[in-house]
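Heads up: numbering here begins at 1 and tracks the sequence. All heavy atoms count here, side chains included; hydrogens, waters and symmetry mates do not. Read the numbers this way: they start at 1 and go in the same order the structure lists the ligands and their atoms. Note that the structure is a prediction, hence the values are computed from the model and not measured.
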Amino acid sequence: MTRQYKAPRGTQDILPADQPWWDYVRDTAARLAREFGYAQIETPVFEEAPLFTRGVGEVTDIVQKEMYVFQDRGGTDLALRPEGTAPVCRAYLEHGMHSLPQPVRLWYITPIFRYDRPQAGRYRQHHQFGVEAIGEAGAAVDAEVIELLWRLCGELGLTGQTLHLNSIGDQNCRPAYLEMLRGYYRDKLSGVCEDCRARFERNPLRLLDCKQEICRPVIAVAPPIADHLCDECARHFADLCSYLDAAGIPFALNPRLVRGLDYYTRTVFEVQPREEGGQSSLGGGGRYDGLIEQLGGKPTPGIGFGSGIERIVINLKRQEAPLPDARPLQVYVVVQTPAARVPAFRLASDLRRAGVSAVAGSSERSLKAQMRHADALGAVYAAILGERELAEGTVALKHLADGTQETVALAEVAERVGPA
Ligand code: HAM
């Protein structure tokens with residue numbers, strides 16, 4: 001027996017029925033990005049693996065456990081893109097974008113690959129809409145990027161989401177904080193989960209966002225990093241909060257928000273949907289002032305976010321958000337007699353040229369079967385070409401929703417049904 005193939009675990013087909021949701025999210029994201037002055041960028045699906053090992057961080061889950069790595073036939077170590085920021089920074093450097101007016105504002109929609117444990121809202125291939133603003137250190141651009149993500153959720157019709165905000169300091173203040181955090185945890189290690197014992201050694205900041213029940217009481221009274229920022233980081237954070245206030249964007253300070261990628265400095269943020277679960281965040285990001293330098297460039301600040309399109313679609317459906325009208329098929333040309341085959345083909349072709357969506361039925365099928373097909377495709381009109389119509393140079397144009405029918409000259413069909 002031949003084997004039945006399935007989409008690989010953790011991946012999914014985005015079928016035609018779901019495409020209107022995807023179009024809606026992609027179109028809204030692209031329009032907003034343009035309104036905010038961002039330009040689109042596309043980078044390859046795979047990159048040299050060390051870009052991520054160096055850029056995202058060797059001790060992150062994404063690099064250690066989740067990256068799809070392979071050697072190509074030439075022996076180069078490559079990785080399927082596990083996140084969108086490092087590739088954009090690589091492109092910024094490779095194309096000398098530092099010589100453009102700063103910040104350089106970029107956006108992308110792209111597939112992302114992570115060998116994660118698949119569950120609702122968590123996939124091995126997902127898609128992110130992301131933006132990166134590179135080359136500006138002031139907090140106004142942080143607020144701008146956050147505003148873009150916030151507006152996206154609102155314009156799409158999502159309600160009840162919350163914006164979580166934190167600052168995780170920089171190379172000046174974070175080391176001392178991490179020592180303090182270690183000091184706090186040192187005599188509590190027997191009471192925390194195994195992962196946290198490893199985090200204590202390798203990546204202590206991640207202790208703060210452990211989701212295990214057993215670790216919660218320890219996290220609850222851990223010293224918050226926001227209380228231990230250096231003056232510059234504290235000022236930057238205060239500036240950001242006042243910009244967000246000015247833009248009327250409500251936020252919740254969350255001292256446990258640290259995020260899972262190593263490149264973050266100062267600002268980190270996430271937008272959580274109204275309903276928890278579904279693997280949560282609709283989008284998240286932060287500042288990465290050391291990343292470009294890490295990748296071999298001059299010290300250059302940057303900030304951005306990524307937002308999972310699958311999760312947005314899940315939440316739009318869950319909240320029964322109204323989907324703007326999908327564009328239906330306008331005309332189904334019904335071939336009632338074999339002699340109408342070529343004229344029907346021609347009519348469909350002419351309609352499309354006039355900007356009207358149209359398909360022609362098949363003369364192999366009965367009138368009834370073609371009408372059923374037109375219904376199944378959701379066509380607005382059936383344009384029926386029979387003996388009489390052929391002789392007269394007309395069609396019988398039937399409005400399928402209300403059943404009304406009229407005779408229309410072939411040359412006038414496009415005008416009669418209007419543009420797509
Ligand atoms: P991230 O938090 O790893 O950040 O991912 C961003 C968003 O992608 C998440 O908030 C979530 O909506 C979605 N997402 C992440 N993993 C999955 C998954 N396995 N399945 C479905 N959706 C997922 C980044 O990737 C950073 N590059 C964001 C960024 C841009 N920071 C600065 N600039």
Original post:
Do you see a donor-acceptor pair shorter than 3.5 Å between the side chains of Tyr108 and Glu132?
Top reply: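 Glu132 and Tyr108 do have a side-chain donor-acceptor pair below 3.5 Å.
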
Original post:
Is there a donor-acceptor contact under 3.5 Å linking the side chains of Gln330 and Arg352?
Top reply: no

Is [X] atom [atom1] crowded by more than 12 heavy atoms from other residues, nucleotides or ligands, each under 6.0 Å away?
X	atom1	result
Glu94	CD	yes
Gln71	CD	yes
Arg197	CZ	yes
Gln64	CD	yes

Nearest protein heavy atom with distance in Å, relative to [atom]:
atom	answer
atom 5 (O) of ligand 1	Gln128 NE2, 3.2 Å
atom 7 (C) of ligand 1	Gly306 O, 3.4 Å
atom 25 (O) of ligand 1	Arg114 NH2, 3.0 Å
atom 14 (N) of ligand 1	His126 NE2, 3.3 Å
atom 1 (P) of ligand 1	Arg259 NH2, 3.5 Å
atom 10 (O) of ligand 1	Ser281 OG, 2.9 Å
atom 19 (N) of ligand 1	Tyr123 O, 3.0 Å
atom 27 (N) of ligand 1	Glu83 OE1, 2.7 Å

Between [X] and ligand 1, does any nitrogen or oxygen pair lie at a separation below 3.5 Å?
X	value
Tyr264	yes
Thr85	yes
Glu310	no

Original post:
Considering Ala120, Gly304, Ser307, which one's heavy-atom position lies nearest to atom 32 (C) of ligand 1?
Top reply: Gly304

**OP:** Sequence neighbours left out, what pairs pass salt bridge (charged side-chain N to carboxylate O under 4.0 Å, His left out) with at least one residue falling in residues 228-241?
**Re:**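 For residues 228-241: none.
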
Original post:
So, do Tyr332 and His373 have ring centers that fall under 6.0 Å from each other?
Top reply: yes

Original post:
Hey, would you say the Phe129 and Phe305 ring centroids sit under 6.0 Å apart?
Top reply: yes

Atom indices of ligand 1 within 4.0 angstrom of [X] heavy atoms, with elements:
X	answer
Tyr263	26 (C), 27 (N), 31 (N)
Gly285	31 (N)
Gly121	20 (N), 21 (C), 22 (N)
Glu132	30 (C), 32 (C), 33 (N)

Subject >> Residue pair Tyr38, Glu144: steps toward the side-chain hydrogen bond (donor to acceptor under 3.5 Å, both in side chains) verdict >> reply: CA-CA 11 Å; Tyr38 285 67; Glu144 168 191 295; 2.5 Å; yes

Between [X] and ligand 1, which residue portion shows a heavy-atom distance shorter than 4.0 Å: side chain, backbone, both, or neither?
X	value
Ile303	neither
Arg311	side chain
Tyr115	neither
Phe305	backbone

Subject >> Sole candidate of Leu240, Val271, Ile303 that passes side-chain contact (heavy atoms from CB on, under 4.5 Å) when paired with Ile146 >> reply: Leu240

Original post:
Does a side-chain heavy-atom distance below 4.5 Å link Leu163 with Glu270?
Top reply: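 No, every pair of side-chain atoms sits at 4.5 Å or beyond.
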
Subject >> Any Gly260 heavy atom less than 4.0 Å to ligand 1 >> reply: no

**OP:** Compute both the distance and the angle, then confirm whether Arg287 meets the cation-pi test with Tyr264: under 6.0 Å from the six-membered ring centre, within 45 degrees of the axis.
**Re:** no

